[in-house]
Amino acid sequence: MDEQPRLMHSHTGVGMAGHPGLPQHMQEGTGGTDGDGRKQDIGDILQQIMTITDQSLDEAQARKHALNCHRMKPALFNVLCEIKEKTVLSIRGAQEEEPPDPQLMRLDNMLLAEGVSGPEKGGGSAAAAAAAAASGGVGADNSAEHSDYRAKLSQIRQIYHTELEKYEQACNEFTTHVMNLLREQSRTRPISPKEIERMVNIIHRKFSSIQMQLKQSTCEAVMILRSRFLDARRKRRNFNKQATEILNEYFYSHLSNPYPSEEAKEELAKKCAITVAQVSNWFGNKRIRYKKNIGKFQEEANMYAARTAVNAANASSHGTPPLSISHCHIDAPSLS
DNA sequence: TCTTATGATTGGGT
DNA sequence: ACCCAATCATAAGA
């Protein structure tokens with residue numbers, strides 16, 4: 001226990017006043033008497049350092065060894081650690097355990113939803129499905145339509161993952177390095193395991209803040225990609241022929257009242273593999289455009305009327321008339 | 001390249 | 001909430 005003080009005061013009485021290596025203001029203490037005492041100690045130590053010789057180095061080495069091997073050393077370090085722990089706790093307060101950052105959670109959720117941070121293939125399908133629904137593409141051209149989107153998304157995903165891995169690796173390397181360093185130092189200065197843990201936490205927090213930046217920029221990239229590829233207006237695709245025929249068939253066979261009910265819209269949407277909203281859009285467009293130029297659509301109207309008539313005839317010859325076809329108007333309709 | 005067709009959006013009305 | 005009308009932006013055709 002008394003080794004340390006002896007070491008500190010082994011060469012007492014040699015003041016530091018006027019020492020060439022020290023700036024003047026260091027010597028003119030403004031603190032109280034306690035500060036003066038401490039400065040005196042520091043002066044002693046400095047003086048010792050200045051007068052170190054090979055011999056004294058050996059001597060110090062021997063002393064250090066002796067100190068390390070002292071039977072009371074663990075106890076001393078324990079006490080010192082305890083004192084340190086208390087001061088640290090009083091300084092830092094109770095803000096150790098912070099709740100998970102809501103913004104980080106939001107970013108995580110979004111990345112997961114976009115299939116960037118999720119499992120390799122499964123996550124992507126959700127975004128692809130959303131893309132399909134938004135663009136209104138159907139069937140075969142669907143996959144071709146979004147292969148580009150998916151390629152870009154997976155590119156983002158790859159960059160994200162490699163970066164994340166890099167950060168993680170760097171974090172782990174740094175953490176182990178610091179831990180080793182602290183463990184090494186704990187032999188010569190009091191460091192409690194708790195302190196090491198705290199240091200590790202600090203490092204992790206730093207790295208996770210870097211990760212958050214990565215996540216944020218990834219999110220931005222995905223949003224830009226989405227807005228570019230999924231803006232249906234930009235990437236408008238015509239409905240396929242079959243869907244258009246189904247819609248036209250309904251329209252011309254209900255020319256007197258071309259307003260499908262919610263249920264009818266749903267059925268049409270299912271048949272055409274498009275959304276109900278798209279069905280509504282189609283009918284809205286069709287009605288207005290038909291009304292604007294009935295003449296232009298006359299041929300089309302006749303064609304569909306004839307076709308439905310043929311269908312009806314065929315169906316009735318088989319004994320089962322179609323449910324949906326009630327009547328066919330070839331004349332000008334009642335749109336107004 | 002210019003024109004037309006077409007799906008989606010917007011704004012106003014009921 | 002639904003519709004109409006105008007408009008946008010792109011696809012498809014000439």
Side-chain angles (χ1 to χ4, degrees), chain A residues 110 113-115 124-153 155-156 220-308 311 323-336:
Chain A
M110 184 187 155
E114 295 298 330
S125 65
S135 84
V138 190
D141 59 355
N142 206 2
S143 56
E145 166 73 10
H146 298 109
S147 63
D148 200 19
Y149 172 81
R150 244 174 302 182
K152 289 245 163 64
L153 189 70
Q155 206 178 325
I156 290 173
E220 274 169 29
V222 171
M223 290 309 271
I224 290 166
L225 185 70
R226 270 184 81 96
S227 68
R228 185 162 309 155
F229 274 82
L230 304 185
D231 184 351
R233 209 144 99 159
R234 288 191 175 286
K235 276 274 172 194
R236 188 181 64 75
R237 303 255 78 168
N238 292 352
F239 298 153
N240 63 30
K241 223 174 170 181
Q242 204 185 344
T244 315
E245 283 189 13
I246 291 168
L247 293 167
N248 272 318
E249 222 162 275
Y250 188 98
F251 180 79
Y252 287 112
S253 62
H254 297 73
L255 250 189
S256 60
N257 184 34
Y259 297 88
S261 64
E262 186 60 33
E263 295 83 54
K265 278 184 194 169
E266 274 168 24
E267 199 186 323
L268 285 167
K270 209 184 329 177
K271 272 200 226 167
C272 301
I274 57 178
T275 65
V276 174
Q278 285 178 306
V279 173
S280 297
N281 281 339
W282 191 91
F283 273 90
N285 283 323
K286 191 73 184 178
R287 280 191 299 262
I288 196 73
R289 283 164 186 164
Y290 181 87
K291 198 180 91 175
K292 262 187 173 170
N293 193 352
I294 293 172
K296 199 174 71 183
F297 288 91
Q298 200 58 57
E299 200 182 327
E300 190 178 74
N302 290 336
M303 192 189 85
Y304 278 99
R307 190 183 302 188
T308 45
N311 281 349
L323 266 161
S324 61
I325 296 164
S326 49
H327 43 259
C328 311
H329 287 259
I330 303 176
D331 306 334
S334 58
L335 283 172
S336 53

In this structure, how many angstroms lie between the C1' atom of B:dT9 and the CH2 atom of A:W282, rounded? 19 Å
Hey, is the side chain of A:N281 poking within less than 4.0 Å of OP1 or OP2 on B:dA8, counting only N and O atoms? yes
Starting at atom CD1 of A:I288, determine the distance to atom C1' of C:dA6, rounded to an integer number of angstrom. 9 Å
So do the side chains of A:E262 and A:V276 get within less than 4.5 Å of each other, counting heavy atoms only? yes
How many whole angstroms separate atom CZ of A:R236 from atom P of C:dG13? 12 Å
If we only count heavy atoms from C-beta on, is the A:L247 to A:F283 side-chain gap below 4.5 Å? yes
Could you work out which one of C:dC4, B:dA8, C:dA11 sits closest to the side chain of A:N238? C:dA11
Report the distance from atom CD of A:E300 to atom P of B:dT4, rounded to the nearest whole Å. 17 Å
Polar side-chain contact A:N285-B:dA8 base: donor and acceptor under 3.5 Å: yes
Can you tell me the distance, in whole Å, between the NZ atom of A:K286 and the P atom of C:dC4? 15 Å
Sorted by chain and number, sequence neighbours left out, side-chain contact (heavy atoms from CB on, under 4.5 Å) with A:E300 holds for A:N248, A:Y252, A:K286, A:F297, A:Y304
Taking the side chain of A:R289 as heavy atoms from C-beta outward, which of C:dT7, B:dT9, C:dC4 is closest to it? C:dT7
Measure CG/A:N248 against P/B:dA5 and give the value in whole Å, please. 14 Å
Could you tell me the separation between the CZ atom of A:R287 and the P atom of C:dA6, rounded to a whole number of Å? 15 Å
Check the phosphate of C:dA5 against A:K291, side-chain N and O only, distance under 4.0 Å to OP1 or OP2. Yes or no? yes
State which residues pass salt bridge (charged side-chain N to carboxylate O under 4.0 Å, His left out) with A:E245; sequence neighbours excluded, sorted by chain then number. A:R307
For the side chain of A:Y259, starting at C-beta, report the closest nucleotide among C:dA12, C:dC3, B:dG7. C:dC3
Note, A:K265 side chain near A:S280 side chain (heavy atom, < 4.5 Å): yes
C:dC2 phosphate, OP1 or OP2: any side-chain N/O from A:K265 under 4.0 angstrom? no
For the pair made of CG in A:N240 and C1' in B:dA5, what is the distance, rounded to whole Å? 16 Å
